[in-house]
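Report on the structure given below.
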Amino acid sequence: MGFEELLEQVGGFGPFQLRNVALLALPRVLLPLHFLLPIFLAAVPAHRCALPGAPANFSHQDAWLEAYLPREPDGTLSSCLRFAYPQALLNTTVGERQSRGELEDEPATVPCSQGWEYDRSEFSSTIATESQWDLVCEQKGLNKAVSTFFFTGVLVGAVAFGYLSDRFGRRRLLLVAYVSTLVLSLASAASVSYVMFAITRTLTGSALAGFTIIVMPLELEWLDVEHRTVAGVLSSTFWTGGVMLLALVGYLIRDWRWLLLAVTLPCAPGILSLWWVPESARWLLTQGRVEEAHRYLLHCARLNGRPVGEDSLSQEAVSKVAAGERVVRRPSYLDLFRTRQLRHISLCCMVVWFGVNFSYYGLSLDVSGLGLNTYQTQLLFGVVELPSKLLVYLSVRHAGRRLTQAGTLLGTALALGTRLLMSSDMKSWSTALAVMGKGFSEAAFTTAYLFTSELYPTVLRQTGMGLTALVGRLGGSLAPLAALLDGVWLSLPNLAYGGIALLAACTALLLPETRQAQLPETIQDVERKRTPTSLQEEEMPMKQVQN
């Protein structure tokens with residue numbers, strides 16, 4: 001008897017599993033609140049050089065401003081330069097000064113030496129406008145780097161949490177993620193310098209990686225084959241809720257420190273909720289912790305209303321399952337490349353996750369140029385994710401995981417590619433294509449979590465998720481920097497996002513299908529040819545992990 005048979009006895013889908021999904025909803029909501037926070041946290045409002053005796057009305061562009069500020073090629077006043085000498089307020093003309101040799105070897109324009117004035121009508125404070133930071137103009141790269149630092153932290157955290165949760169358990173590491181996120185985010189909100197903020201946000205990213213790695217497998221490992229899809233899509237809607245919630249919170253709180261505090265404090269009740277979150281019985285059995293697994297299974301049966309007691313579900317029966325599943329050594333990332341099928345799965349998943357993250361965050365973090373303000377764009381990007389969940393739910397059930405993954409990535413690439421063909425006067429079409437691309441990219445993200453969790457065996461599931469999330473976050477960390485390519489060619493960032501999404505779509509077709517297949521328990525289960533029919537007809541062999 002295998003774990004699937006044990007799960008069938010106690011109930012593979014019922015009040016126990018629904019409560020588990022509800023308890024793990026908070027991490028899902030918190031993730032977009034932090035991952036997409038730079039949209040508001042690092043927003044760059046309109047700005048210009050601070051000038052002595054400047055008019056009180058920022059937007060009042062009269063002759064006085066014309067005298068101090070040069071114009072850009074598009075006709076707007078410069079945000080980063082000022083005339084070395086006021087043009088219209090000089091008592092003597094430029095020609096007279098040149099005749100006296102006063103302007104020899106002096107530049108016509110100079111950088112803003114006295115700081116900047118910011119338009120605070122939309123944001124009262126961001127890290128870009130923070131006193132002494134001024135992350136604009138020559139320092140704008142440091143502003144974009146904040147997101148890169150954050151996702152680099154997520155990358156490192158994915159490796160650590162993937163390995164540690166396979167070794168010490170899902171529930172314990174989820175507590176570590178909650179506490180670390182709370183403490184480090186509070187430190188970020190209290191930052192007194194850019195360096196302190198960059199360091200604490202990087203570490204916060206590492207802590208939040210625990211949510212991305214642990215939550216989905218912890219849900220799936222308590223679910224039967226039939227209900228994995230609906231539960232996976234249902235839990236992913238909480239991410240969408242977080243995306244829309246961020247638009248509301250950002251609209252209500254315009255100061256970046258208070259905004260960061262607001263999206264962090266929900267970690268406190270999350271820590272308390274872990275009292276009711278069960279450890280994965282699958283994982284407990286692979287570790288030989290039979291008594292704990294037996295206790296959780298009985299609790300699951302009681303909540304699901306199954307007539308299972310100590311006699312019908314004895315500890316001896318659970319011990320027999322554990323004897324077949326117990327690992328002889330701790331898993332490592334090398335195990336993901338030791339055998340042919342796992343190596344193939346790992347390499348393909350790495351490409352897919354890079355493409356999913358690179359295109360998703362490239363679209364999500366760029367909310368400019370759509371004809372809407374930041375809050376409207378963020379809300380629209382959140383709303384469009386709801387139909388994308390329905391698309392995923394229907395598609396993975398009928399077309400399968402592989403075709404859904406490839407199709408959603410292809411849709412993202414086509415939306416971005418078509419947008420490149422739009423002229424500047426077709427603003428509404430460009431906005432519609434950006435929204436469509438966002439919807440497809442979210443559908444690809446939802447599918448990736450479900451698909452990858454089903455590809456790896458229980459003994460390596462967290463490790464595999466950690467590896468793919470690592471590569472994915474590498475894509476996420478590069479996406480903000482790719483936005484700087486618009487200085488080379490305005491359309492180059494979208495071309496990069498779409499091209500990588502197309503590559504990932506092709507790679508997804510090389511992965512095996514997992515629709516209606518039981519979750520593999522061991523490496524041997526993965527190496528066997530896995531078809532839905534054979535897996536449902538045969539009893540899965542419970543073998544130990546070998547080198």
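Since we're looking at a predicted model, the values are computed, not measured. Residue indices begin at 1 and follow the sequence shown.
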Q.
Trp256: which residues meet the ring pair (Phe, Tyr, Trp, His ring centres under 6.0 Å) condition with it, sequence neighbours left out?
A. Trp133, Phe197
(Q) Check whether Arg402 reaches the backbone of Leu511 with its side chain - one donor and one acceptor, N or O, closer than 3.5 Å. (A) yes
Q) For the side chain of His398 and the backbone of Leu394, is there at least one donor-acceptor N/O pair under 3.5 Å apart? A) yes
Q: Applying ring pair (Phe, Tyr, Trp, His ring centres under 6.0 Å), name anything that partners Tyr251, two or more places apart in sequence or on another chain.
A: Tyr375
**Q.** Any Val352 side-chain heavy atom under 4.5 Å of Leu409 side chain
**A.** yes
**Q.** Residues that Tyr393 engages under ring pair (Phe, Tyr, Trp, His ring centres under 6.0 Å), provided they are two or more places apart
**A.** none
Q | Sequence-distant partners of Thr148, side chain to side chain contact (heavy atoms under 4.5 Å, CB included), two or more places apart | A | Thr152, Ser477, Pro480, Leu481
Q) Who pairs with Leu272 by side chain to side chain contact (heavy atoms under 4.5 Å, CB included), at least two apart in sequence or on another chain? A) none
Q. Heavy atoms, side chains only, cut-off 4.5 Å: are Leu403 and Leu509 in contact?
A. yes
**Q.** Polar side-chain atom of His344 near backbone of Leu510 as donor-acceptor pair, under 3.5 Å
**A.** yes
Q. Which pairs pass salt bridge (charged side-chain N to carboxylate O under 4.0 Å, His left out) with one or both residues in residues 256-278, sequence neighbours excluded?
A. Glu130-Arg257
Q. Among Leu342, Asp525, Thr463, whose side chain to side chain contact (heavy atoms under 4.5 Å, CB included) with Pro457 holds?
A. Leu342
(Q) I need the Glu221 CD to Ser453 OG distance, nearest 0.5 Å. (A) 8.5 Å
Q) Are the side chain of Ser191 and the backbone N or O of Ser188 linked by a donor-acceptor pair below 3.5 Å? A) yes
Q.
Side chains of Tyr360 and Tyr497, heavy atoms from C-beta outward: is any pair under 4.5 Å?
A. no
Q: List in chain and number order the residues that pass side chain to side chain contact (heavy atoms under 4.5 Å, CB included) with Val471, two or more places apart in sequence or in another chain; answer none if no residue qualifies.
A: Met350, Phe354
Q: Determine yes or no for a side-chain-to-main-chain donor-acceptor pair under 3.5 angstrom, with Asn357 supplying the side chain and Gly475 the backbone.
A: no
Q: Only pairs at least two apart or in different chains count here, so list each salt bridge (charged side-chain N to carboxylate O under 4.0 Å, His left out) that has a residue in residues 9-34.
A: none
Q: Could you list the residues that satisfy side chain to side chain contact (heavy atoms under 4.5 Å, CB included) with Ala496, not counting sequence neighbours?
A: Phe358
Q) Is the backbone of Arg171 close enough, under 3.5 Å, to the side chain of Glu279 for a donor and an acceptor to pair up by distance? A) yes
**Q.** Sidechain-backbone polar pair: Arg515 side chain, Arg401 backbone, donor-acceptor under 3.5 Å
**A.** no
Report all side-chain donor-acceptor pairs from residues 32-40 shorter than 3.5 Å, counting only partners two or more places apart or in another chain.
unit_1	atom_1	unit_2	atom_2	d
His34	ND1	Arg201	NH1	3.4
His34	NE2	Val263	O	3.3

Q. Quick one: salt bridge (Lys or Arg N to Asp or Glu O under 4.0 Å) partners of Glu291, sequence neighbours excluded?
A. none
Q | Flag, side chain of Thr468 to backbone of Met465, donor-acceptor distance under 3.5 Å | A | yes
Indicate every side-chain donor-acceptor pair of residues 439-449 with a distance under 3.5 Å to a residue at least two apart or in another chain.
unit_1	atom_1	unit_2	atom_2	d
Ser441	OG	Gly437	O	3.2
Ser441	OG	Lys438	O	2.8
Glu442	OE2	Lys389	NZ	2.2
Glu442	OE2	Thr446	OG1	3.1
Thr446	OG1	Lys389	NZ	3.0
Thr446	OG1	Glu442	O	3.1
Thr447	OG1	Ala443	O	2.8
Tyr449	OH	Arg473	NH2	3.2

